[in-house]
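Below: one structure, written as structure tokens.
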Amino acid sequence: MSKTILWFRQDFRLDDHPALIQASKLGQPILPVVIVDPRWFETTRLGLPKMGRFRATFWKESIEDLAESIESQGGTLIIREGHPESVLSELVHEYDVSELVAMTYPGTEEAKCEDSIESQLPQHCGIEWVEGHTLLHTEDLPFEIEDLPKVFTPFRKKVEKDVDVREPMSKPAAMSWMPIESDGSWKDVLEQSQLTVQAGEWEPDTRSVLPFKGGESAGIARLQEYIWDGDHLKVYKKTRNGLLGANYSSKFSPWLANGCISPRRIWSEVKRYEAERVSNESTYWLIFELLWRDFFQFSAWKHGSALFHAGGIQGKAVHQEPNKERFQRWADGQTGSDFVDANMRELNATGFMSNRGRQNVASYLSQNLGVDWRMGASYFETMLIDYDVASNWGNWAYNSTVGHDPRNRQFDVDRQAQMYDAQGRYRRTWLQGTLF
Ligand SMILES: Cc1cc2nc3c(=O)[nH]c(=O)nc-3n(C[C@H](O)[C@H](O)[C@H](O)COP(=O)(O)OP(=O)(O)OC[C@H]3O[C@@H](n4cnc5c(N)ncnc54)[C@H](O)[C@@H]3O)c2cc1C
């Protein structure tokens with residue numbers, strides 16, 4: 001009997017996984033596959049690996065969690081290392097595969113990878129790319145992606161008026177995973193992979209906002225803790241610009257960006273919370289932020305490689321230089337601006353930085369230091385535990401005045417520090433021993 005490959009790309013979950021549902025519908029035994037792609041670790045123009053240790057650790061934990069969930073349903077996750085187009089072709093021959101199903105993502109490298117697969121997979125194997133990482137489905141939008149509004153507010157107003165979020169799909173109770181005797185060998189493959197080398201061994205910094213652990217189980221636990229157990233959602237709008245601690249904002253981003261939890265699952269939990277506990281500005285605001293996330297995803301689909309141009313999607317003439325010395329001081333948290341330095345040191349030590357911090361350091365690099373914003377975006381790509389191509393490059397461009405908002409978004413970082421860190425607790429936490 002022919003088989004279906006379900007390729008997990010950056011969607012390490014079983015819940016609300018449209019590609020998994022699609023694969024199940026085909027009615028053939030399913031071969032679940034993860035491919036550790038050497039391109040993840042290629043170096044950027046800054047000479048750093050695209051995926052640094054924080055994200056590599058998170059991905060490794062996420063893959064382990066996925067493998068265990070599949071094992072508990074009687075399946076075996078196949079983990080291979082190599083270029084997806086070659087590995088998938090090999091698997092098609094090895095297991096008599098007639099269908100490949102996987103999620104599709106924005107980003108030029110992602111699109112190139114999908115093209116290579118289409119051209120290299122044996123002709124007899126069908127391919128289905130399924131959407132599933134956004135809150136809204138592109139088919140439900142009241143405009144074509146090419147007509148995505150230039151700024152966020154008209155986009156939000158249109159979709160809030162015209163689009164219903166599709167209900168999340170629970171994982172099927174029983175899956176027809178292809179029976180392969182599990183000898184636990186996936187653990188050895190993962191352990192010996194480049195992903196494990198990249199993750200390395202490190203102790204989490206005790207000042208980290210959260211001990212982020214990869215995987216769907218940890219993502220669901222965080223959802224439960226933030227929304228239900230801690231009841232933090234009801235004050236989200238007031239606390240979300242915070243800088244210290246686990247609960248000033250949801251901290252869902254690493255699980256969202258790495259596909260351990262779906263935005264529709266978060267949306268449905270917010271709706272349940274609104275029905276059972278409280279519905280207010282804060283509960284609305286979390287959905288509002290998920291719409292920001294969608295806006296950047298759709299924008300990346302629309303603009304393709306323009307997302308990475310110096311002049312951004314506006315094609316603007318900018319006067320920012322690739323100045324390595326200024327860049328390095330910024331990256332090391334040694335600019336002399338205490339607020340910027342504290343944020344960069346948090347990023348370097350933990351792989352996370354608040355949204356307030358990200359806006360400030362981005363604006364500071366591109367506008368105060370006059371450095372090419374793409375060096376900062378590239379540094380974030382390496383460092384962030386929640387790196388996402390669309391959110392990262394879109395937000396960087398936005399804060400460097402070449403993105404969706406034509407207004408100048410230069411931040412007065414000293415004023416921001418006074419507003420958001422009036423007592424200096426945040427700066428003291430990250431600049432211990434440094435006078436400011
Ligand atoms: C320069 C810069 C780079 C960024 N890079 C990334 C990135 O690589 N990956 C990433 O997920 N976010 C990125 N963001 C957006 C935002 O800073 C983070 O999503 C947020 O800080 C994560 O914390 P949280 O989960 O507690 O957010 P919350 O405030 O709890 O928000 C809930 C969710 O909404 C989404 N969200 C919130 N704000 C934004 C936003 N401005 N853009 C897109 N989505 C948003 C995130 O998925 C987030 O998890 C960036 C922002 C800036 C200014």
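Positions are given from 1 along the sequence. Side chains included, hydrogens not; waters and symmetry mates left out as well; all remaining heavy atoms used. Whatever order the structure lists ligands and atoms in, that order sets their numbers, starting from 1.
Each of the atoms 1 (C), 3 (C) of ligand 1 lies under 4.0 Å from some heavy atom of W396. Of all atoms in ligand 1, numbered sequentially from 1 with element shown, those under 4.0 Å from a heavy atom of N399 are 53 (C). Atoms of ligand 1 lying under 4.0 Å from any heavy atom of L384, numbered from 1 in the order shown and given with element: 5 (N), 7 (C), 8 (O).
In this structure the side chain of I70 reaches within 4.5 angstrom of the side chain of F8, judged on heavy atoms.
A side-chain donor from one of S217 and D65 sits under 3.5 Å from a side-chain acceptor of the other.
Polar contact check, D388 against ligand 1: a nitrogen or oxygen pair lies under 3.5 Å apart. Considering backbone and side-chain atoms alike, Q359 places every N or O at 3.5 Å or more from each N or O of ligand 1.
Atom 51 (C) of ligand 1 has its closest protein heavy atom at N395 CG, 3.4 Å. Nearest protein neighbour of atom 7 (C) of ligand 1, counting heavy atoms only, is D386 O, 3.6 Å. In this structure, atom 17 (O) of ligand 1 lies nearest to the protein heavy atom N355 OD1, 2.8 Å. Among protein heavy atoms, the minimum distance from atom 33 (C) of ligand 1 is reached at L290 CD2, 4.1 Å. The nearest protein atom to atom 22 (C) of ligand 1, hydrogens excluded, is given as S253 OG, 3.2 Å; this is a heavy-atom distance. When hydrogens are left out, the protein atom nearest atom 3 (C) of ligand 1 is N392 OD1, 3.6 Å; that is the closest non-hydrogen contact. Of the protein's non-hydrogen atoms, the one nearest atom 30 (O) of ligand 1 is S250 OG, 2.6 Å.
Within the set Y236, Y398, F252, F295, the minimum heavy-atom distance to atom 28 (P) of ligand 1 is found for Y236. Across the listed options L256, L233, I287, I266, L256 owns the non-hydrogen atom lying nearest to atom 47 (O) of ligand 1. Compare G403, A397, S391 by their heavy atoms: the one nearest to atom 43 (C) of ligand 1 is in S391. Between W255, F352, F296, it is F352 that holds the heavy atom closest to atom 23 (O) of ligand 1. Distances from atom 6 (C) of ligand 1 to the heavy atoms of R358, R222, K237, E381 put R358 nearest. Comparing E289, R293, K251 against atom 38 (N) of ligand 1, the shortest heavy-atom distance belongs to E289.
Residues passing the ring pair (Phe, Tyr, Trp, His ring centres under 6.0 Å) test with W40, sequence neighbours excluded: W59. With sequence neighbours left out, the side chain to side chain donor-acceptor pair (under 3.5 Å) criterion links Q10 to no other residue.
The cationic group of R358 lies under 6.0 Å from the six-membered ring centre of F352 and within 45° of the ring axis, placing it in a cation-pi geometry.
If you look at V361 next to ligand 1, there are no close heavy atoms at all, none under 4.0 Å.
Note on K60 versus E64: salt bridge recorded, some NZ/NE/NH1/NH2 to OD/OE distance being below 4.0 Å. For E109 and R9, the salt-bridge test fails: no basic side-chain N is under 4.0 Å from an acidic carboxylate O. Taking a cutoff of 4.0 Å between a charged side-chain nitrogen and a carboxylate oxygen, E131 and R166 do not qualify as a salt bridge.
Distance check: E81 CD to I35 CD1 gives 11.0 Å after rounding to the nearest 0.5 Å.
The aromatic ring centroids of W292 and F152 lie less than 6.0 Å from each other. For W393 and F296, the distance between ring centers is not under 6.0 angstrom.
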**Prompt:** Yes or no on side chain to side chain contact (heavy atoms under 4.5 Å, CB included) for S299 and H404, after CA distance, side-chain angles and deciding distance?
**Reply:** CA-CA 9 Å; S299 168; H404 280 278; 2.6 Å; yes
